[in-house]
Number of protein chains: 2
Amino acid sequence: MKKTTSCYKERMATFRQAAKEAGVKLTPQRLEIYRQVLASDNHPSADEIHTRIQRKLPMISLDTVYRTLWLLADLGLINTVNPREESIRFDAKLEEHHHFRCETCGKIIDFESAELTQLPLPPVLADFGQTLSVQIEVRGICIACQKTPSSKV
Amino acid sequence: MKKTTSCYKERMATFRQAAKEAGVKLTPQRLEIYRQVLASDNHPSADEIHTRIQRKLPMISLDTVYRTLWLLADLGLINTVNPREESIRFDAKLEEHHHFRCETCGKIIDFESAELTQLPLPPVLADFGQTLSVQIEVRGICIACQKTPSSKV
DNA sequence: GTTTTTGCAAAGAATTTGCAGCTTT
DNA sequence: AAAGCTGCAAATTCTTTGCAAAAAC
């Protein structure tokens with residue numbers, strides 16, 4: 001059983017607390033959306049949350065779900081599975097390699113590392129399925145953004 | 001200098017070869033798009049490729065760029081930076097953790113590993129910027145898809 | 001010559017936004 | 001009562017598709 005998503009009551013309390021501190025109102029929609037994300041173990045999309053919630057809140061709109069999910073992310077209560085990508089990006093590099101991603105400007109820099117590519121993977125992976133490749137993403141702040149914090153590349 | 005993207009002539013020859021084998025026609029648009037991806041080291045989007053190419057082919061349309069990029073990917077000549085994600089997915093799990101992604105059905109399973117989280121990162125990363133977190137994505141085929149190859153979750 | 005490909009324009013899909021009325025504090 | 005939220009509908013953005021003309025083999 002998952003540690004985080006199972007201590008439901010604590011996290012609901014944390015939400016109430018964070019909302020108060022941020023001057024954000026507690027509405028039934030927000031409570032139910034957060035509850036539903038906590039109850040999900042499959043990385044749901046906004047649409048999936050919206051569908052699942054309609055049993056309890058039939059009138060809720062999809063845009064409220066989006067607004068709330070981003071609010072929860074801003075409050076640090078949930079994450080997105082991958083960083084937001086405005087569009088599909090292509091790459092001519094075919095060799096197995098890894099990425100450094102700047103969280104400020106979105107720039108992605110390739111790097112290679114034989115040691116990282118041949119990592120000893122945890123045995124639990126065998127239960128999930130067959131492994132084909134391993135990719136490491138290092139996230140941080142690139143040199144350029146450290147100098148000029150608001151720059152966009 | 002990058003190994004792959006610098007041996008330009010060989011890769012253009014590979015493209016001509018692969019196109020012939022696949023019964024795909026070599027058009028100026030396709031040659032120029034592939035050339036431009038090879039010449040790019042910043043993981044360009046379709047729109048960026050389109051813009052850069054307009055100097056040489058002013059009439060080229062964005063949809064041709066999209067069609068060609070996917071064709072090149074199908075031929076195994078280029079990759080996308082991240083697997084195609086139909087929509088944003090959210091996650092209540094806040095602890096640093098890693099993902100197994102099924103390339104067939106898209107399912108993402110979380111896993112944790114203290115060793116992987118504390119990897120010795122290659123020194124070159126210091127040149128890129130400040131590291132904040134490390135995430136590993138293992139790609140493969142999940143158990144369910146091994147049994148029923150066409151299933152979608 | 002046949003078949004594929006292109007460019008255009010329009011369709012689709014996911015996400016965001018403006019606004020008037022309603023809820024929370 | 002005041003401020004912030006919601007739902008609606010429309011707008012945006014990215015990507016895909018149908019089709020007739022054009023190009024490649």
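What you see below is based on every heavy atom in this structure, not just the backbone, and it leaves out hydrogens, waters and symmetry mates. All chains are named by letter (A, B, ...) in the order of the sequence lines, taking the proteins before the strands, and each is independently numbered beginning at 1.
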Open item on the list: Distance criterion of 3.5 Å, no angle test: do you see the side chain of B:Asp63 paired donor-to-acceptor with the base of C:dA10?
Closed with: no
- [ ] Answer yes or no: is there an ion pair linking B:Glu137 with B:Arg101, defined by an N-O contact shorter than 4.0 Å?
- [x] yes
- [ ] Respond yes when some side-chain nitrogen or oxygen of A:Arg30 is under 4.0 Å from OP1 or OP2 of D:dT6, and no when none is.
- [x] yes
TODO: Compare the minimum distances between each of C:dT5, D:dT16, D:dG4 and the side chain of B:Val24, then state the nucleotide with the smallest one.
DONE: C:dT5
Open item on the list: Counting only side-chain nitrogens and oxygens, does A:Gln29 get under 4.0 Å of the OP1 or OP2 atom of D:dG7?
Closed with: yes
Task: Options C:dT24, C:dG7, D:dT16, nucleotide nearest the side-chain atoms of B:Arg84 - done: D:dT16
- [ ] Indicate, with a heavy-atom threshold strictly under 4.0 Å, whether A:Asp47 touches base, sugar-phosphate, or nothing.
- [x] nothing
Open item on the list: What contact category does B:Arg67 fall into here, base, sugar-phosphate, or nothing, at under 4.0 angstrom with non-hydrogen atoms?
Closed with: base
Task: Along DNA chain D (nearest heavy atom to each residue), the more 5'-positioned of B:Leu62 and A:Ser61 - done: A:Ser61
Task: B:Thr27 side chain near C:dT6 phosphate (N/O to OP1/OP2, under 4.0 Å) - done: yes
Open item on the list: As a test of understanding, state which of B:Ile60, B:Leu38, B:Ile78 forms a side-chain contact (heavy atoms from CB on, under 4.5 Å) with B:Ile33.
Closed with: B:Ile60
Open item on the list: If the cut-off is 4.0 Å, is B:Thr64 near the phosphate of C:dG7, judged by side-chain N/O to OP1 or OP2?
Closed with: yes
Open item on the list: Test your reading of the model: is there a side-chain donor-acceptor pair from A:Arg139 to the backbone of A:Glu103, 3.5 Å cut-off?
Closed with: no
Open item on the list: What I want to check is whether the side chains of B:Asp110 and B:His99 have a donor and an acceptor closer together than 3.5 Å.
Closed with: yes
- [ ] Mind calculating the distance between NE2 (B:His50) and P (D:dT13) to the nearest angstrom?
- [x] 17 Å
Open item on the list: Rounding to an integer number of Å, can you tell me how far B:Met59 CE sits from D:dA22 P?
Closed with: 12 Å
Open item on the list: Taking the minimum atom-to-atom distance to the side chain of B:Ile60, which one of C:dT16, D:dC14, C:dG7 wins?
Closed with: C:dG7
TODO: Report yes if a donor N or O on one partner sits less than 3.5 Å from an acceptor N or O on the other, where the partners are the side chain of B:Lys25 and the base of D:dA23; otherwise report no.
DONE: no
